[in-house]
Amino acid sequence: MLPRAPFVSVVLFLATGILAGDALRTIGDTPVAFLAAALVLVTLGCVLLYRFSRQTGFAITCAVWLFLLGAGVKWWVEAKKDDQLASLQALEYRSYTAEVTTIPEKRNNSIRFEVLTKQFLAGNQWVSHAVRALIYLPDSLSAITKPGDRLVISGRLEQPAPPQNPEQFDYRRYLRNKGILFTAFVNEHSYRLISTKSETTPAYWPETVSQWAEDRFDKHIDGSTAGDSAAFGLVKAMLLGRRDDLRDQQVGDYVISGAVHILSVSGMHVAIIFLVISAAFGWLKRWQVGKWVYFFLITALLGFYALVTGLPPSVQRAALMCLVLVAADVAGRKHYPMNTLAFSALIILLLDPCALYDVGFQLSYLAMAGIFLLYEPIFEALKPSNRLLRFVWQVSALALAAQIATFPLSLFYFHQFPTYFWLVNPLVVVFTNILLPAALALLLMSLSGIPWLVSAVAQIVTFSARLTDWSASIPRSLPGHLLENLHLNVLEVILLYCMIFLIWYTLYLRSVNCLKLTMVTAVLFATISITGSLNAYLNAGPVCFRIPKHRVVGFKSGEVLYVVSNKAFAADSRAFDFNVKNYAISAEIQDIIRITAP
């Protein structure tokens with residue numbers, strides 16, 4: 001399969017260059033012009049080697065060219081961000097105007113949304129300067145801002161604080177990779193609405209359609225108007241990507257079941273919608289004209305769904321991949337899923353190299369790659385003849401393939417593993433295959449103005465949402481449903497993926513040498529893991545924590561961490577999770593003893 005997917009190699013070299021470009025920025029001050037000159041020279045080398053039919057040299061030079069291209073694009077993007085930071089920090093201003101660009105989300109005691117700044121008041125003069133920022137307003141406000149509203153805000157924008165504690169989540173870097181350089185907490189007396197933008201403005205169509213969809217769900221899904229509907233919260237999260245109406249226990253159930261990924265709009269959701277639409281209108285492909293009708297129907301319905309979700313990057317890349325598949329199918333061209341997947345990733349990374357650092361980007365592409373590479377070997381292992389058992393095994397094999405491909409990265413980021421995912425995910429996937437198309441149909445039916453039809457579809461949506469919630473809650477009643485505080489470093493993650501790839505390649509080629517290499521990789525992984533655990537156990541001593549509004553001191557001894565703090569910190573679980581928990585996991589702490597100072 002891989003020789004038929006050249007774009008996989010292209011994306012790997014480009015991604016390696018992006019990572020290298022980021023690393024070079026931290027250790028040196030090489031100008032972008034240097035990379036540009038190297039890229040021009042390598043380009044000339046590619047042309048000459050191709051002209052004289054030097055295939056090996058041409059392939060190597062192309063790999064170097066892609067590497068330099070990735071490094072150069074990443075360097076250029078980060079240099080622009082540095083210029084924005086420097087120019088704004090040097091500007092003396094006391095207020096600024098900003099345009100709201102996203103639908104506000106409810107947070108703890110606040111409302112959060114993104115803005116694009118327009119002008120800054122420096123002295124008596126307004127200076128134009130555009131940067132993206134994250135604004136927090138009190139949740140007690142009676143009027144909520146909308147996308148397109150323009151505000152004038154008193155005060156200054158601030159950079160997010162860098163990590164202050166060992167292994168703490170780097171929130172500043174996380175926002176920077178999303179293109180957001182500043183944040184601001186604004187009280188109700190420090191801002192004023194100065195204008196609103198028409199909802200018909202094309203730039204805000206996605207937000208307008210997404211807000212309209214939320215209003216439709218709120219009106220028609222049972223119990224949502226009472227404010228206590230778990231079904232409404234689930235549909236809103238799965239269709240619109242906003243989790244602010246989900247209950248805490250509801251989220252916990254999906255974490256425990258290993259199905260938390262369905263609460264975020266992702267490529268899987270687009271794939272489900274795509275497969276349902278394809279099944280419904282696939283018969284049109286029997287005729288030449290029908291093929292193009294099929295193509296335009298797929299494009300229109302996927303476009304409508306993308307607008308409903310608000311056009312997040314995950315939906316953009318998944319919709320792009322689906323449209324490439326449909327176009328190849330309609331044009332009668334052969335296509336290989338891995339090549340199409342890599343092609344869509346290539347376009348995304350060229351437009352936004354920072355997407356490589358997005359967890360959703362990484363997990364969604366790994367899940368799709370796992371399905372393309374691992375689904376068939378897993379399904380062929382049993383291949384039941386009974387139609388019902390065959391369907392159940394197909395869904396189970398699909399979930400297992402995606403889980404195998406993503407679990408090393410999931411452990412790296414989330415430090416936990418759901419032990420009953422193999423039992424629950426097939427149920428969740430089945431009910432999700434009903435829920436997502438039904439919810440989209442509900443929105444389309446609400447345009448028809450036929451009350452009984454809208455009510456019937458709404459009942460299907462509500463019932464399937466409740467079944468999905470029920471299936472996700474099953475593991476909570478089972479013992480050992482979640483393995484927590486698991487830690488992998490970057491090298492261990494790479495070795496795990498090497499093992500998974502080598503196992504697949506062994507089955508694909510039936511090669512004994514690949515099997516031997518797999519065993520060597522497994523021994524190397526075990527050696528590094530055991531060595532790291534021993535070092536973590538033997539490393540003892542004091543640990544300094546800098547936590548706002550709290551006084552905290554730690555001391556590590558073996559697998560025990562002693563935490564001495566004031567009473568307020570002992571009662572603040574959020575402060576512990578954000579500042580201390582990651583260190584405890586990375587140090588493989590098994591027991592935390594809290595000591596509260598008087």
Side-chain angles (χ1 to χ4, degrees), residues 162-171 173-174 252 255-258 260 357 359 362-363 366 403-421 475 478-500 518-547 550-565 569-596:
Q164 301 292 318
N165 302 297
E167 303 298 331
Q168 183 180 339
F169 175 64
D170 193 342
Y171 187 59
R173 181 177 176 83
Y174 168 77
V255 170
I256 291 170
S257 67
V260 70
Y357 298 86
V359 178
Q362 297 168 14
L363 291 177
L366 283 171
Q403 193 75 38
I404 290 173
T406 57
F407 93 89
L409 204 62
S410 296
L411 290 183
F412 177 74
Y413 284 121
F414 309 118
H415 313 297
Q416 56 191 20
F417 186 76
T419 52
Y420 295 107
F421 76 90
L478 301 176
H481 49 254
L482 190 66
L483 301 178
E484 297 184 278
N485 300 331
L486 303 174
H487 177 257
L488 290 178
N489 58 36
V490 174
L491 182 57
E492 288 172 326
V493 171
I494 293 172
L495 289 173
L496 269 180
Y497 275 114
C498 288
M499 288 169 58
I500 292 171
T518 304
M519 299 304 295
V520 171
T521 307
V523 171
L524 182 60
F525 172 81
T527 303
I528 292 174
S529 182
I530 293 171
T531 303
S533 295
L534 286 174
N535 287 336
Y537 181 82
L538 296 174
N539 186 20
V543 186
C544 296
F545 296 107
R546 298 177 60 187
I547 303 173
H550 298 295
R551 294 184 179 180
V552 184
V553 177
F555 186 87
K556 179 187 176 298
S557 177
E559 296 180 338
V560 180
L561 177 66
Y562 298 88
V563 179
V564 182
S565 68
F569 179 77
D572 192 346
S573 60
R574 291 178 61 85
F576 174 85
D577 290 344
F578 189 76
N579 296 282
V580 181
K581 187 175 180 179
N582 277 355
Y583 166 76
I585 292 172
S586 65
E588 301 189 12
I589 299 298
Q590 300 298 319
D591 189 21
I592 297 176
I593 299 176
R594 295 172 178 267
I595 302 171
T596 304

Any non-hydrogen side-chain atom of Ser257 less than 4.5 Å from a side-chain atom of Pro475?
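The answer is yes; the side chains approach within 4.5 Å.
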Side chain proximity check, Val255 to Phe414, heavy atoms < 4.5 angstrom:
no
In terms of heavy-atom contacts, does CZ of Arg594 have more than 12 from other residues, nucleotides or ligands at under 6.0 Å?
yes
Side chain to side chain contact (heavy atoms under 4.5 Å, CB included) for Ile585 and Glu167? Distances and angles first, verdict last.
CA-CA 9 Å; Ile585 292 172; Glu167 303 298 331; over 6 Å; no
What closest approach, in Å, do [X] and [Y] show between heavy atoms, and which atom pair accounts for it?
X	Y	value
Ile592	Ala584	CD1-CB, 4.2 Å
Asn165	Cys544	OD1-O, 4.2 Å
Arg173	Asp170	N-OD1, 3.1 Å
Met499	Thr521	CG-CG2, 3.4 Å
Leu488	Glu492	CA-OE1, 3.2 Å
Tyr420	Pro479	OH-O, 2.6 Å

With under 30° as parallel and over 60° as perpendicular, where do the rings of Tyr562 and Phe555 fit, or are they tilted in between?
tilted
Kindly assign one of parallel, tilted or perpendicular to the pair Phe169 and Tyr171, based on the angle between their ring planes and the thresholds 30° and 60°.
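Aromatic pair Phe169/Tyr171 classed tilted.
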[atom1]/[X] to [atom2]/[Y] distance, rounded to the nearest 0.5 angstrom?
X	Y	atom1	atom2	result
Ile547	Phe576	CD1	CZ	9.0 Å
Leu496	Phe525	CG	CZ	4.0 Å
Tyr413	Leu363	OH	CG	7.5 Å
Ile589	Glu559	CD1	CD	8.0 Å
Phe407	Phe412	CZ	CZ	14.5 Å
Leu495	Ile528	CG	CD1	5.0 Å

Walk me through it: do Gln168 and Tyr583 pass the test side chain to side chain contact (heavy atoms under 4.5 Å, CB included)?
CA-CA 7 Å; Gln168 183 180 339; Tyr583 166 76; over 6 Å; no
Checking the side chain of Lys556 only, and the main-chain atoms of Ala536 only, is there a donor and an acceptor separated by less than 3.5 Å?
yes
Keeping the roles fixed (side chain from Asn579, backbone from Ala575), state whether a donor-acceptor pair exists under 3.5 Å.
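Yes, because the side chain of Asn579 sits within donor-acceptor range (under 3.5 Å) of the backbone of Ala575.
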Side chain to side chain contact (heavy atoms under 4.5 Å, CB included) between Ser533 and Glu588, intermediate numbers included
CA-CA 7 Å; Ser533 295; Glu588 301 189 12; 3.1 Å; yes
Using side chain to side chain contact (heavy atoms under 4.5 Å, CB included), reason through Thr419 and Leu478 one step at a time and then give a plain yes or no.
CA-CA 10 Å; Thr419 52; Leu478 301 176; over 6 Å; no
